[in-house]
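Shown next, in structure tokens, is the structure this report addresses.
Everything numeric here is computed off the predicted structure, so don't read it as measured data.
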Amino acid sequence: MDLGPLRESRDFRLLYAGFLGALIGTLMTGVAVAVQVYDLTGSSLHIGLVSLARALPMVAGVLVGGVLADRMDRRTLMIVTRLPLTLAAGALAANALAPEPQLWLIYAATATTGLLAGLGGPAMLAAVPALAGTGRLAAAGALLSGSTQLAALIGPAAGGALIAGPGLAACYAVDAAGFLVFTAALLFVRPLPVPAGGGASGKGVRRAFGSLADGLRFVRRHRLVLGLLLVDAAAMVFTMPQALYPALADERFGGGAAVVGLLYAAPACGALVGAATSGWTARAGGHALIGAVLLWGAALTGFGAGSWLPLALVLLALAGFGDLISETLRSALLQHGTPDELRGRVSGLWMAQATVSPALGNTAVGFLAELTGAGAAVTIGGLVCVGATVAVAVAFPSLRRARLGSAPADGDVREETPTDGGAREETPTDGGARAKAPADGGARAKAPADGGARAKAPAPEPNSGAGASS
């Protein structure tokens with residue numbers, strides 16, 4: 001694993017440490033909320049509705065947050081959206097200690113958390129190139145993706161232990177402390193001023209919508225970025241088998257809760273192996289990305305068709321490995337191929353897609369399972385994923401040609417792309433960083449330290465958008 005971003009950049013170390021701590025606390029709270037809501041209502045429906053109450057504001061938040069990340073200091077935006085999360089977690093802790101905890105307060109705090117996490121998420125992703133360096137985007141992406149998988153193993157287990165011991169309030173209190181530490185860490189990160197052309201083009205709601213429209217036009221006209229979003233959708237919309245694990249454990253593998261736990265853990269184990277061996281991704285590009293998505297789809301195809309548990313777990317681990325590598329490369333190529341003054345908006349659009357696609361995928365595979373059975377639904381979804389990925393790869397040559405650190409290629413942008421500050425004369429393409437963009441994470445003389453990949457300027461979830469939840 002390439003640890004260069006952590007060794008070379010103090011600011012990235014601070015961001016990474018704060019992100020990992022806050023994400024573990026967020027996942028602990030996810031367990032605590034589910035347990036508390038079920039205790040209060042006895043209804044699984046309410047657990048699903050609480051998740052929806054978080055997801056919908058988050059989608060709105062990342063779209064608005066993408067605009068804000070291109071119009072104000074990104075470090076400031078992260079601070080002002082993370083500090084109130086401490087108060088939201090504190091409100092949940094106080095509610096848990098109350099003689100009669102209120103369900104409406106859980107809904108309100110969860111919705112607020114989703115909105116604030118969404119508002120600050122694009123700023124974090126857009127800040128990574130400046131803090132880690134354009135030459136370390138794949139390494140930084142692997143570190144953040146790997147930490148997400150690590151948190152997914154540690155957070156729920158720690159949350160369960162706290163709930164069983166000190167209780168729900170302790171779990172929420174740890175989450176509040178995590179956000180407080182994250183905010184404190186951000187105070188020591190250098191400022192990330194407004195990118196040139198990103199924030200001086202007007203004010204007001206109408207201008208903000210126009211600013212978001214500029215981001216949409218960039219995605220539509222930029223063949224590499226559009227291809228990255230489409231291949232991500234192909235991987236997520238058709239192959240999200242998590243909702244079917246309980247049925248598959250019962251019908252195919254003859255096991256109960258223990259088998260369900262193994263099915264959930266296997267992809268995370270594969271992803272951790274992918275993160276631990278991800279150093280080679282800094283020299284990879286579009287072909288490796290396409291191969292990783294094909295591995296994800298093919299492994300799930302085999303998983304849906306099999307009935308031997310050891311093989312099923314190996315296939316899920318392979319799927320997790322492919323997912324981690326594809327997520328690392330998608331994130332790196334997206335940041336590499338987007339001009340800095342648009343990084344916030346494009347990151348917001350990507351995070352919105354990354355939030356909506358898994359929800360659609362779980363819904364689609366659940367509906368298909370009602371018609372064909374759980375195993376057949378996973379197999380069909382895997383085959384559709386493979387076919388859709390091949391179609392995107394054929395339709396977008398710039399995606400196949402993309403390589404981290406390569407020079408821009410002609411023909412990848414259909415026309416000149418306007419931004420907030422007016423039309424650009426040239427738009428970077430699937431090669432990503434422009435000529436003379438430093439890859440060392442440090443600011444050059446007279447360079448704005450804003451996360452840019454422009455000449456003379458130095459260049460981040462859940463999910464994952466790695467870690468959008470934090």
If only atom types and distance count, is the side chain of [X] paired as donor or acceptor with the main-chain N or O of [Y] below 3.5 Å?
{"X": "Arg75", "Y": "Val189", "answer": "yes"}
{"X": "Ser278", "Y": "Ala275", "answer": "yes"}
{"X": "His222", "Y": "Gly337", "answer": "yes"}
{"X": "Asp70", "Y": "Arg345", "answer": "yes"}

Can you tell if the side chain of [X] reaches within under 4.5 Å of the side chain of [Y], non-hydrogen atoms only?
{"X": "Leu272", "Y": "Gln149", "value": "yes"}
{"X": "Leu14", "Y": "Leu186", "value": "no"}
{"X": "Leu248", "Y": "Val259", "value": "no"}
{"X": "Phe303", "Y": "Leu318", "value": "no"}
{"X": "Phe19", "Y": "Leu143", "value": "no"}
{"X": "Phe396", "Y": "Leu228", "value": "no"}
{"X": "Phe218", "Y": "Pro339", "value": "yes"}

Considering all heavy atoms, the nearest [X]-[Y] contact:
{"X": "Leu313", "Y": "Leu262", "answer": "CD2-O, 3.7 Å"}
{"X": "Thr301", "Y": "Leu383", "answer": "OG1-N, 3.3 Å"}
{"X": "Gly120", "Y": "Arg82", "answer": "CA-NH1, 3.2 Å"}
{"X": "Phe321", "Y": "Thr277", "answer": "CE1-OG1, 3.9 Å"}
{"X": "Arg136", "Y": "Asp2", "answer": "NH1-OD2, 2.7 Å"}
{"X": "Pro122", "Y": "Ala69", "answer": "C-CB, 4.3 Å"}

Give the C-alpha distance, both sets of side-chain angles, the deciding distance and a yes or no for side chain to side chain contact (heavy atoms under 4.5 Å, CB included) between Ile106 and Leu40. CA-CA 11 Å; Ile106 298 175; Leu40 292 174; 3.8 Å; yes

How long is the span from the [atom1] atom in [X] to the [atom2] atom in [Y], to the nearest 0.5 Å?
{"X": "Phe188", "Y": "Arg13", "atom1": "CZ", "atom2": "CZ", "result": "14.0 Å"}
{"X": "Thr29", "Y": "Phe179", "atom1": "OG1", "atom2": "CZ", "result": "7.5 Å"}
{"X": "Leu371", "Y": "Ile380", "atom1": "CG", "atom2": "CD1", "result": "9.0 Å"}
{"X": "Leu342", "Y": "Ser347", "atom1": "CG", "atom2": "OG", "result": "10.0 Å"}
{"X": "Phe12", "Y": "Arg7", "atom1": "CZ", "atom2": "CZ", "result": "12.5 Å"}
{"X": "Arg252", "Y": "Leu309", "atom1": "CZ", "atom2": "CG", "result": "12.5 Å"}

Could you check Leu300 against Leu315 for side chain to side chain contact (heavy atoms under 4.5 Å, CB included), going step by step and ending with a plain yes or no? CA-CA 7 Å; Leu300 289 179; Leu315 289 171; over 6 Å; no

Which donor-acceptor pairs under 3.5 Å do side chains of residues 156-174 form with protein atoms, sequence neighbours excluded?
residue : atom : partner : partner atom : Å
Tyr172  : OH   : Gln36   : OE1          : 2.7

Under 3.5 Å, sequence neighbours excluded: what are the donor-acceptor pairs made by side chains of residues 282-299?
residue : atom : partner : partner atom : Å
His287  : ND1  : Arg400  : O            : 3.1
Trp296  : NE1  : Ala235  : O            : 3.0
Trp296  : NE1  : Thr239  : OG1          : 2.7

Which pairs pass side-chain hydrogen bond (donor to acceptor under 3.5 Å, both in side chains) with one or both residues in residues 376-391, sequence neighbours excluded?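 Qualifying pairs: none.
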
- prompt: Can Leu20 and Thr148 be said to form a side chain to side chain contact (heavy atoms under 4.5 Å, CB included), step by step?
  reply: CA-CA 7 Å; Leu20 179 58; Thr148 301; over 6 Å; no

- Message: Which residue in the set Leu77, Thr81, Leu15 passes side chain to side chain contact (heavy atoms under 4.5 Å, CB included) when paired with Met124?
- Response: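 So the option named by the test is Leu15.
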
- Message: The test is side chain to side chain contact (heavy atoms under 4.5 Å, CB included); show your working for Arg401 and Leu224 and say whether it passes.
- Response: CA-CA 9 Å; Arg401 293 196 301 266; Leu224 171 62; over 6 Å; no

